[in-house]
Number of protein chains: 2
Amino acid sequence: MSAQRARIAEAMLGMPGAFTAEDLHRRVIEVTPGIGLATVYRALAAMQESGAIATVGDRHGSTLLARCERHDHHHHLVCTECGSVVGIDCPLGDAALISAERAGHLVTRHEITLYGLCAICRARADGDA
Amino acid sequence: MSAQRARIAEAMLGMPGAFTAEDLHRRVIEVTPGIGLATVYRALAAMQESGAIATVGDRHGSTLLARCERHDHHHHLVCTECGSVVGIDCPLGDAALISAERAGHLVTRHEITLYGLCAICRARADGDA
DNA sequence: CACTAAGTGAGAAAGATTCTCATATTGGGA
DNA sequence: TCCCAATATGAGAATCTTTCTCACTTAGTG
Ligand SMILES: [Mn+2]
Ligand SMILES: [Mn+2]
Ligand SMILES: [Zn+2]
Ligand SMILES: [Zn+2]
C-alpha cells in the first residue's frame with residue numbers, strides 16, 4: 001500500500017460522519033500537503049470496492065460517503081443536520097417482498113436509506129424551539 | 001401551460017420505463033424539432049415537483065427517471081435489464097424502525113428502491129440459459 | 001387589446017468525476 | 001541487495017450532466 005493511501009485511510013477514519021471527496025481531500029492535505037484530489041478519488045473507489053465506505057446520499061451534487069464498521073450487507077440512517085451515520089440491519093419489509101412477488105420480479109439488489117435527525121440534533125432542535 | 005410542456009408531457013407518457021433527460025429530449029424532438037434540452041430539464045423539474053415522475057436510479061452518471069401513476073408516497077421496483085418500473089407500497093420494515101428508535105433518531109424521510117429482473121426479462125434469461 | 005408573469009432556446013458556465021501521461025513507488029523474486 | 005513488472009501518483013486536461021444567463025416570445029388575465 002502506498003504512503004498516500006495510508007494517509008487517506010487515516011484521514012477517512014477521522015471523519016466524523018458523512019463526507020464528500022473534497023471534504024476528505026481537505027483533511028488529508030492539512031496533514032500531508034501535496035496529495036492530489038485524483039488520488040483521493042482513486043483511494044475512495046478502492047475503499048468502496050472493499051466495503052470500507054458506502055454512499056449515503058448526496059450534497060448539492062457531490063456524493064456523500066461514510067465509513068462502515070460492518071462490511072457485510074446493511075443500510076444507513078443519516079442525520080441531515082450533522083451528517084452522523086449509523087449502520088442498520090434492514091431486511092426488506094413484507095410489503096415490498098409481496099409487491100415484488102406479485103409482479104413476478106426477481107429482486108437482486110435493494111437500497112434503503114433513512115434520513116432524519118440523530119438523538120443529539122433532535123435534542124438541540126427541541127431546545128431551540 | 002406552454003405548447004412545449006404539453007409535448008414534453010406527451011412524450012414522457014410514451015416512455016416505456018426508466019429514462020434520462022436526454023432520452024426524453026431525443027423522443028421529444030422526433031415529434032417536435034427545436035425544443036431545447038434546457039426546456040426538457042425545466043419541465044422535468046416541474047413534473048418531479050408535482051409527483052408525476054420520480055428518480056429511480058442512475059445510468060452512467062445520468063439521473064434515471066420514471067413516470068408515476070401514483071402521486072402519493074411510494075417506492076419503486078426497477079428492472080435493470082429493460083428499465084420497466086413498478087410502483088410499490090413499502091413501509092419501512094420493523095427492523096429499520098427498531099434500529100432508528102434504539103439510536104434515538106427521528107426519521108423524516110426514507111428512500112427504498114428494489115432492483116432486479118421483471119417477469120418478462122426473467123423468463124427471457126431462463127430461456128437463454 | 002395590454003400587461004405581467006412565466007417560459008423558451010442557445011450557448012455559456014458550473015461542478016463533479018474521470019482520464020491522460022510522464023514519472024515515481026511498491027513489493028516480490030532472483 | 002538489486003531488478004522489474006505492476007501499480008500508484010500529481011497536475012491538469014477532458015468529459016459530461018445539469019444549471020444558469022439573457023434576450024426574446026408566449027400564456028393568461030382582465
Ligand atoms: Mn455502513
Ligand atoms: Mn412511482
Ligand atoms: Zn445529527
Ligand atoms: Zn425487464
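Every heavy atom of this structure was used, including side-chain atoms; hydrogens, water molecules and symmetry mates were not. Convention: sequence-line order gives letters A, B, ...; per-chain numbering from 1.
Here D:dT19 presents its P atom at 13 Å from CD of B:Glu22, a figure rounded to the nearest Å. The nearest whole Å value for the distance from the CG atom in A:Leu24 to the P atom in C:dT17 is 12 Å. Atom-to-atom, CG of B:Leu37 to P of C:dA12 comes out at 15 Å; the value is rounded to the nearest Å. In this structure, A:Ile35 places its CD1 atom 14 Å from C1' of C:dT25, rounding to the nearest Å. Straight-line distance from the NE2 atom of B:His25 to the P atom of D:dT19: 15 Å, rounded to whole Å. Protein atom CG of B:Asp23 is 11 Å distant from nucleotide atom P of D:dT18, rounded to whole Å. We find that CD1 of B:Ile29 is positioned 10 Å from P of C:dA10, with the value rounded to whole Å. The CG-P distance, from A:Leu44 to D:dA8, rounds to 14 Å in whole Å.
In this structure, CG in B:Leu106 is found 5.0 Å from CZ in A:Arg122, a value given to the nearest 0.5 Å. Considering OG1 of A:Thr63 and CZ of A:Phe19, their distance stands at 11.0 Å, rounded to 0.5 Å.
Among the candidates B:Arg5, B:His25, B:Arg7, B:Gln4, the single residue satisfying the side chain to side chain contact (heavy atoms under 4.5 Å, CB included) test with B:Thr39 is B:Gln4.
Side-chain contact check for A:Val107 versus B:Leu77: some heavy-atom pair is nearer than 4.5 Å. Inter-residue side-chain proximity for B:Thr80 and B:Arg59 is flagged as unmet; no heavy-atom pair is nearer than 4.5 Å. The shortest distance between side-chain heavy atoms of A:Cys68 and A:His74 falls below 4.5 Å. Residues A:Leu44 and A:Ile8 have side chains not in contact (no heavy-atom distance under 4.5 Å, counting atoms from C-beta outward).
By the rule that hydrophobic residues join a cluster once side-chain heavy atoms approach within less than 4.5 Å of another member, A:Ile53 and A:Val40 end up as members of one cluster.
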Bracket notation of DNA chain C in which parentheses pair within the strand, [ ] cross earlier pairs, and | pairs with another strand (Watson-Crick or G-U, under 3.5 Å): ||||||||||||||||||||||||||||||

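The shortest distance between the side-chain N/O atoms of A:Gln4 and the OP1/OP2 oxygens of C:dT25 is not below 4.0 Å.
Distance alone, capped at 3.5 Å, is enough to place a donor-acceptor pair between the B:Arg27 side chain and the B:Gly14 backbone. Between the side chain of B:Ser50 and the main chain of B:Met47, a donor-acceptor pair closer than 3.5 Å is present.
The nearest heavy atom of DNA chain D to A:Thr39 and to B:Tyr41 marks one nucleotide each, and the one closer to the 5' end goes with A:Thr39.
Of the residues in residues 58-65 of chain B, those lying under 4.0 Å from DNA chain D by heavy-atom distance are B:Gly61, B:Ser62, B:Thr63.
Checking D:dA8, D:dG10, C:dT8 against every side-chain atom of A:Arg5, the shortest atom distance belongs to D:dA8. Set against D:dG10, C:dT17, D:dT18, the side chain of A:Ala21 has C:dT17 as its closest nucleotide.
Aromatic ring centres of B:His110 and A:His75 lie farther apart than the 6.0 Å criterion allows.
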Per-nucleotide protein contact string for nucleotides 20-30 of chain D (B base, S sugar-phosphate only, - none; heavy atom under 4.0 Å): BB-----SS--

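For the residue pair B:Gln48/B:Thr55, the side-chain donor-acceptor check at 3.5 Å is satisfied.
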